[in-house]
2 protein chains.
Amino acid sequence: MGTDSVLKLDNQLCFAVYACAREITKLYHPLLKEIGLTYTQYIAMLALWEKDRITVKQLGQRLYLDSGTLTPLLKKLEQTGLLTRVRDKQDERSVIIALTERGTALKDKARAIPEQLFCQAGVSSGEAEALRAQITEMLKKVQQNPSQ
Amino acid sequence: MGTDSVLKLDNQLCFAVYACAREITKLYHPLLKEIGLTYTQYIAMLALWEKDRITVKQLGQRLYLDSGTLTPLLKKLEQTGLLTRVRDKQDERSVIIALTERGTALKDKARAIPEQLFCQAGVSSGEAEALRAQITEMLKKVQQNPSQ
DNA sequence: CCCATAAAGATTGTATACAATTTAATTTAT
DNA sequence: ATAAATTAAATTGTATACAATCTTTATGGG
């Protein structure tokens, strides 16, 4: 085996995924700026547009993010007026996230984004879907603590 | 088409890549802790073990990172004694990064990491390589400014 | 030669990420 | 029922990321 092929950057799956994630995020930046969201905020809104009135914990499980990241992010979205954060009466440990009217309405503006992005990235939706499926499978394997 | 399939989180390639990158990073954490590196520092060292005495600019192109991220990271690795940062005599705008003896020696300790990670992740090296190749291709398409 | 541009790093400001800890509420086991 | 364990958020501290700006140095016309 050549000296150190296992340590070559170009052989690292991790690096490819890591670099790709950041480059895609950069691509989103100008589009998201128009609707006033950061990338992570957009991901959170995507989850909430599908299903809101969920706890921080549940949102975190969906996004693979913990309260350390979500608490400040959700406070910001609350300040912007896109959602509310209210303690659950049934279980005061939990905080329930609900979209406001404005938060729900923002979905209309977001609808054009995926299409614009595909064009920009020059990736066909077919190959994107195939790749997404594989990466998702990998994500599930790699997931450290699925119960989290 | 169902209400909003384009905005569904599970249909987003970007989210799969983004979440996967973070989960893989978490997997590395305990292994890298043993050799005293963070994930990004490890990536930087991988590049430098392959080729050092390069400028910050060149390292940034290799890693898809800019000086805003690299400057503090490299200062830290300099403090740790793994590398040196010296202005290029030929072009005082550039800073040349060179590994110290300790920096070069650390490679020996790092050699075991990729193997350990594959076992932990439960991914065969064959499928990892196939996926890596696809993501790398995608990375190149998505790259905004290759000249950068 | 001299100025306008460009290039490379460094800096600033904002927004993540996440480990580790803390606080408050709830469950569980005794 | 109550102390111990668990759980959910929030907080703290550290380390990225990156856009935007600034500083210094180099380059290229005129």
Side-chain angles (χ1 to χ4, degrees), chain A residues 15 18-33 36-44 54-61 63-80 85-97 143-145 147-148, chain B residues 15 18-33 36-44 54-61 63-80 85-97 143-145 147-148:
Chain A
F15 175 65
Y18 158 79
C20 196
R22 287 185 293 110
E23 289 300 310
I24 294 178
T25 303
K26 285 183 207 170
L27 227 53
Y28 271 96
H29 189 262
L31 302 177
L32 291 177
K33 199 172 183 178
L37 293 178
T38 65
Y39 180 74
T40 313
Q41 289 168 2
Y42 172 65
I43 292 295
I54 60 175
T55 66
V56 173
K57 180 76 178 175
Q58 290 170 321
L59 183 60
Q61 286 172 336
L63 303 179
Y64 302 86
L65 290 171
D66 67 6
S67 67
T69 302
L70 285 177
T71 296
L73 183 143
L74 292 170
K75 280 183 179 175
K76 195 146 298 175
L77 292 175
E78 185 183 37
Q79 279 172 18
T80 320
R85 297 160 59 247
V86 180
R87 287 276 164 190
D88 185 352
K89 291 293 176 208
Q90 265 66 56
D91 184 342
E92 290 275 353
R93 290 172 304 182
S94 298
V95 166
I96 294 178
I97 309 300
Q143 205 183 148
Q144 281 209 289
N145 184 4
S147 70
Q148 166 201 155
Chain B
F15 175 65
Y18 158 79
C20 196
R22 288 186 291 110
E23 289 299 310
I24 292 178
T25 304
K26 285 183 208 170
L27 227 53
Y28 272 95
H29 189 263
L31 302 176
L32 291 177
K33 200 172 182 177
L37 294 177
T38 64
Y39 180 75
T40 313
Q41 290 169 0
Y42 172 66
I43 292 295
I54 59 174
T55 66
V56 173
K57 181 76 178 176
Q58 290 169 322
L59 184 61
Q61 286 171 337
L63 304 179
Y64 303 86
L65 290 171
D66 67 7
S67 68
T69 303
L70 284 177
T71 296
L73 183 143
L74 292 170
K75 280 184 178 174
K76 196 146 296 174
L77 292 175
E78 186 183 37
Q79 278 172 18
T80 323
R85 297 160 60 247
V86 180
R87 286 278 163 189
D88 185 350
K89 291 294 176 204
Q90 265 66 56
D91 185 342
E92 290 276 352
R93 288 172 305 183
S94 298
V95 166
I96 295 179
I97 308 301
Q143 204 182 147
Q144 282 210 289
N145 184 4
S147 69
Q148 166 203 153

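The sequence lines fix the lettering, A, B, ..., with proteins before strands; numbering per chain opens at 1. All values below come from the heavy atoms of this structure, side chains included, with hydrogens, waters and symmetry mates left out.
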Contact nearer the 5' end of DNA chain C, comparing B/His29 with B/Leu70: B/Leu70
A/Leu65 vs A/Thr40 side-chain heavy atoms within contact, under 4.5 Å: yes
Could you list the residues that satisfy ring-ring contact (aromatic ring centres under 6.0 Å, His included) with A/Phe15, not counting sequence neighbours? none
Can you tell me whether the side chain of A/Arg93 and the base of D/dT7 have a donor-acceptor pair closer than 3.5 Å? yes
If you only use heavy atoms from C-beta on, which nucleotide in C/dG9, D/dA17, C/dA25 is closest to the side chain of B/Leu65? D/dA17
Listing time: all N or O pairs from protein to nucleotides 11-14 of chain C that are below 3.5 Å?
from   : atom 1 : to      : atom 2 : distance (Å)
C/dT11 : OP2    : B/Lys75 : NZ     : 2.7

Let me spell it out: for each of A/Thr38 and A/Asp91, pick the nucleotide of DNA chain C with the closest heavy atom. Which residue's pick is nearer the 5' end? A/Thr38
Which residues pass the side chain to side chain contact (heavy atoms under 4.5 Å, CB included) test with B/Lys76, not counting sequence neighbours? B/Gln41
Any base atoms under 4.0 Å from B/Thr25, or only sugar-phosphate, or nothing? Heavy atoms, all strands. nothing
So, using side-chain hydrogen bond (donor to acceptor under 3.5 Å, both in side chains) as the criterion, who are the partners of A/Glu92 when residues are at least two apart? none
So which nucleotide from C/dT16, C/dA25, D/dA10 ends up closest to the side chain of A/Val95? D/dA10
Residues at least two apart in sequence or cross-chain that pass side-chain hydrogen bond (donor to acceptor under 3.5 Å, both in side chains) with B/Arg87, listed by chain then number, are none
Would you say C/dA10 has OP1 or OP2 under 4.0 Å from some side-chain N or O of B/Lys57? no
For B/Asp91, enumerate each residue passing the side chain to side chain contact (heavy atoms under 4.5 Å, CB included) test, keeping only those at least two apart in sequence or located in another chain. B/Asp88, B/Arg93, B/Ser94
Whole-Å gap separating C1' (D/dT16) and OH (B/Tyr42): 18 Å
